[in-house]
There are 2 protein chains.
Amino acid sequence: MDHSIIDSKACFTTPHDAQACNKRIMAIHDTLYVLGGKWKISIITSLGFGKKRYSELLREVKGISGKVLSRELKEMETNLLIKRTVLDTQPIAVEYELSEYCENLLPVIYNLAEWGTEHRKKIVSVP
Amino acid sequence: MDHSIIDSKACFTTPHDAQACNKRIMAIHDTLYVLGGKWKISIITSLGFGKKRYSELLREVKGISGKVLSRELKEMETNLLIKRTVLDTQPIAVEYELSEYCENLLPVIYNLAEWGTEHRKKIVSVP
DNA sequence: AGTAATGGTGACATTTAGGTAACCAGCTCC
DNA sequence: GGAGCTGGTTACCTAAATGTCACCATTACT
C-alpha cells in the first residue's frame, strides 16, 4: 500500500487496476486531443468573445489557413463544442459560436492556463 | 461589453487585450506540451505508483521504445516533473520518481481525466 | 462581361513525432 | 573470453500533422 503521491493526494481515484488505469489514460488523451494541436485553443478563445463568421475567424486567428480552419471547426462541431448556423443572407453567411456544453471545458482550460503560467515562471527562474 | 461565455463565467481573467490573450494561449500550449504526446501521461501514471528504474518503466509502459522513453524522461526532468537518481550499485541502477513539484500538476491531470470520461459518454450517446 | 466577396475543397509538399534495429561502455558470471 | 545484464545513443525510416496554392459555386456590384 505504498504507492506514493498519486494515492496520497487522492488525485487518481482508482489504484493499481490495469484496466481502470488504461481507461483513465484514454480519457486524458481524449481531452488532450480535443484541446490539442496548433489552433483549437486560439479558436475557442476567439469564439469566447462572441460568435464569429468563418471569414472573421480567418482574420482573427492569425496564421491559420482556410483549409485548417474549416477542418478544425468541423471537428469541434462533431465534438459538440461549437454550434454552426447558416444564415440565409445574401451572400450566405455562416456563424460559429461556443455551445453551452463547451462551458464545461472552460474551467479545465483555465487550469491549464494557470499551471502553464506558473510553470513558465518556474522554469525561467531555474539556474 | 458583450463577450459572452468566457467573461460571464470568469474563466478567462483578462478580456480583449491581445497581448494578455496571447500570453494565456501560450501558457495553455505550454501545459499541453508538457502533458502531450503519446507517452507522458502513461509515464506519470506509472511513476505515480512509486519510483521505478529505467528497465522497469520500459516493461510497464507497454509499447514504448528505449529511445523514446529516455527522451521523454529527459524532457520531464528538465521540466522538473521527475527526479533522476543514479544508485551506485553493481551494475549501476537509475531510479526515476515524480518530484514534489509534479504534485501541482496532478489536479490538472485529474480534471482532464474527468472531462474526458464525461465527454466520451456524451459523444457515444449522441444520435 | 469582369471583379470581388461569400464559405469552402482538393492535391501536393513539408515538418514533426514516433518507431526499428543496431550498437556501446561498464560490470558480472561461468 | 563469451554471454548477459545495466542504461542508454545513433542512424535511418514511416506516419501523422500542418502548410501552400489553386480551384469552385453563388451572389452582387459596376
B/S/- contact track for nucleotides 10-24 of chain C, protein heavy atom under 4.0 Å: BBB-----SBB----
Side chain to side chain, B:L73 and B:R84, heavy atoms closer than 4.5 Å: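 Sidechains of B:R84 and B:L73: no contact.
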- prompt: Which atom pair, heavy atoms only, marks the closest approach of A:L98 to A:I44?
  reply: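 What the structure gives for the nearest pair is CD1-O, 3.9 Å.
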query: Can you list every ring pair (Phe, Tyr, Trp, His ring centres under 6.0 Å) pair that touches residues 82-106 of chain B, not counting sequence neighbours?
result: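 For residues 82-106 of chain B: A:H119-B:Y101.
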With a 4.0 Å cut-off, would you call [X] and [Y] a salt bridge?
X: B:R53; Y: B:E60; value: no
X: B:R24; Y: A:E114; value: yes
X: A:E95; Y: A:K51; value: yes
X: A:K52; Y: A:E97; value: no

Spatial distance of atom CG (A:L35) from atom CD1 (A:I109) [nearest 0.5 Å]: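 CD1 of A:I109 is found 5.0 Å from CG of A:L35.
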field: Length of the CG-C1' vector between A:L58 and C:dG7, whole Å
entry: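 The distance from CG of A:L58 to C1' of C:dG7 comes to 10 Å, rounded to the nearest Å.
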message: From CD of B:Q90 over to P of C:dC27, roughly how many Å is that when rounded to an integer?
response: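 Atom CD in B:Q90 sits about 7 Å away from atom P in C:dC27.
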- prompt: In residues 77-88 of chain B, which ones come under 4.0 Å of DNA chain D, going by heavy atoms?
  reply: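 Residues of residues 77-88 of chain B under 4.0 Å from DNA chain D: B:R84.
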- request: Indicate, with a heavy-atom threshold strictly under 4.0 Å, whether B:T89 touches base, sugar-phosphate, or nothing.
  value: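 No contact.
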- prompt: What pairs with B:K121 under salt bridge (Lys or Arg N to Asp or Glu O under 4.0 Å), at least two apart in sequence or on another chain?
  reply: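 Here the qualifying residues are B:E118.
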Does any N or O in the side chain of [X] come within less than 3.5 Å of the main-chain N or O of [Y], such that one atom is a donor and the other an acceptor?
X: A:S99; Y: A:L80; value: yes
X: B:N79; Y: B:L81; value: no
X: B:S42; Y: B:K38; value: no
X: B:Y54; Y: B:G66; value: yes

query: For DNA chain D, which nucleotides open and close the run of contacts to chain A, 5' to 3', at under 4.0 angstrom from a non-hydrogen atom?
result: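 Extent of the interface on DNA chain D: D:dT18 to D:dA28.
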- line: A correct dot-bracket answer for DNA chain C, with pairs being Watson-Crick or G-U at under 3.5 Å, [ ] for crossing pairs and | for inter-strand pairs, is ||||||||||||||||||||||||||||||
